[in-house]
Each structure stands twice: as structure tokens, then as C-alpha cells.
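Read through the structure below, which is laid out as C-alpha cells, and then see the notes.
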Amino acid sequence: MTQYLTTLSLSMKAIETTATINESGQLTLDKSLGFIKPQRVRVIVLLSEDDETDPDETPTEVVIEGIRQGLHEALTGQTLPLSEMWSGIDAE
């Protein structure tokens with residue numbers, strides 16, 4: 001059977017989020033989309049091969065440690081004035 005792609009005249013919005021596929025092959029979103037009214041949607045699923053982790057995703061533990069360190073530095077006065085933050089950086 002040949003399937004043909006057609007141009008939809010409806011406007012569509014893309015929303016990127018994460019989800020888990022259960023044993024039955026059903027998706028469960030990690031977070032509620034909240035503002036979306038009940039409706040049918042089109043879904044594209046991107047799967048990593050061989051259970052690889054996303055190389056762009058920073059592990060939660062590293063993120064939490066960075067937040068703790070930043071908060072500690074802010075509370076102990078280890079900060080730079082905004083006017084000095086870019087000195088020495090060659091930005092185009």
C-alpha cells in the first residue's frame with residue numbers, strides 16, 4: 001500500500017518533551033503539558049540506540065552540585081560585577 005503525504009492547511013505547534021515507553025508500548029509524559037486542551041495529536045518518537053544516554057544531557061547530580069556551588073558562592077560574596085564578566089572574552 002502506498003501512503004501519500006499531504007499538506008495540512010491546519011497550523012500546528014511543536015512541543016518537545018520527554019516520556020517513557022512502558023512494556024505495553026504506551027507513552028507516559030514525564031511532565032504534564034498543562035495548557036493543552038484534550039485533542040488528538042501527532043507524535044514523533046526519537047529513540048536512542050542501544051540504551052545510550054543523551055550526550056547533551058547533564059546528569060542530575062552534576063546539575064544539583066552546580067546549583068549548590070553557585071548558591072554558596074553567591075551567599076559568601078564570591079561574585080563578579082556584571083561589567084567584569086565579559087572582560088577578556090573575545091565575543092563577536
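All residue numbers refer to positions in the sequence shown, counting from 1.
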Would one find more than 12 heavy atoms of other residues, nucleotides or ligands at under 6.0 Å from atom CD of E23?
->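 It does not: E23 CD has 12 such atoms or fewer within range.
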Any side-chain heavy atom of E73 sitting closer than 4.5 Å to one from Q69?
->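 Heavy-atom side-chain distance check passes, below 4.5 Å.
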Other than I67, which residues form its hydrophobic cluster under the rule that side-chain heavy atoms must be closer than 4.5 Å?
->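 Answer for I67: V63.
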L47: hydrophobic cluster co-members (side-chain, 4.5 Å) |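 Cluster partners of L47: I21, L27, V41, V43, V45.
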What residues form a side-chain contact (heavy atoms from CB on, under 4.5 Å) with L80, not counting sequence neighbours?
->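 Once residues adjacent in sequence are excluded, the partners of L80 under the side-chain contact (heavy atoms from CB on, under 4.5 Å) criterion are E84, M85.
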Can you list the steps and then say if V62 with T60 is a side chain to side chain contact (heavy atoms under 4.5 Å, CB included)?
-> CA-CA 5 Å; V62 174; T60 303; over 6 Å; no
Interatomic distance, L29 atom CG to I15 atom CD1 [nearest 0.5 angstrom] =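 It comes to 9.5 Å.
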Indicate whether the side chain of S24 and that of Q26 have a donor and an acceptor atom separated by less than 3.5 Å.
->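 No pair is found: no donor N or O on one side chain lies under 3.5 Å from an acceptor on the other.
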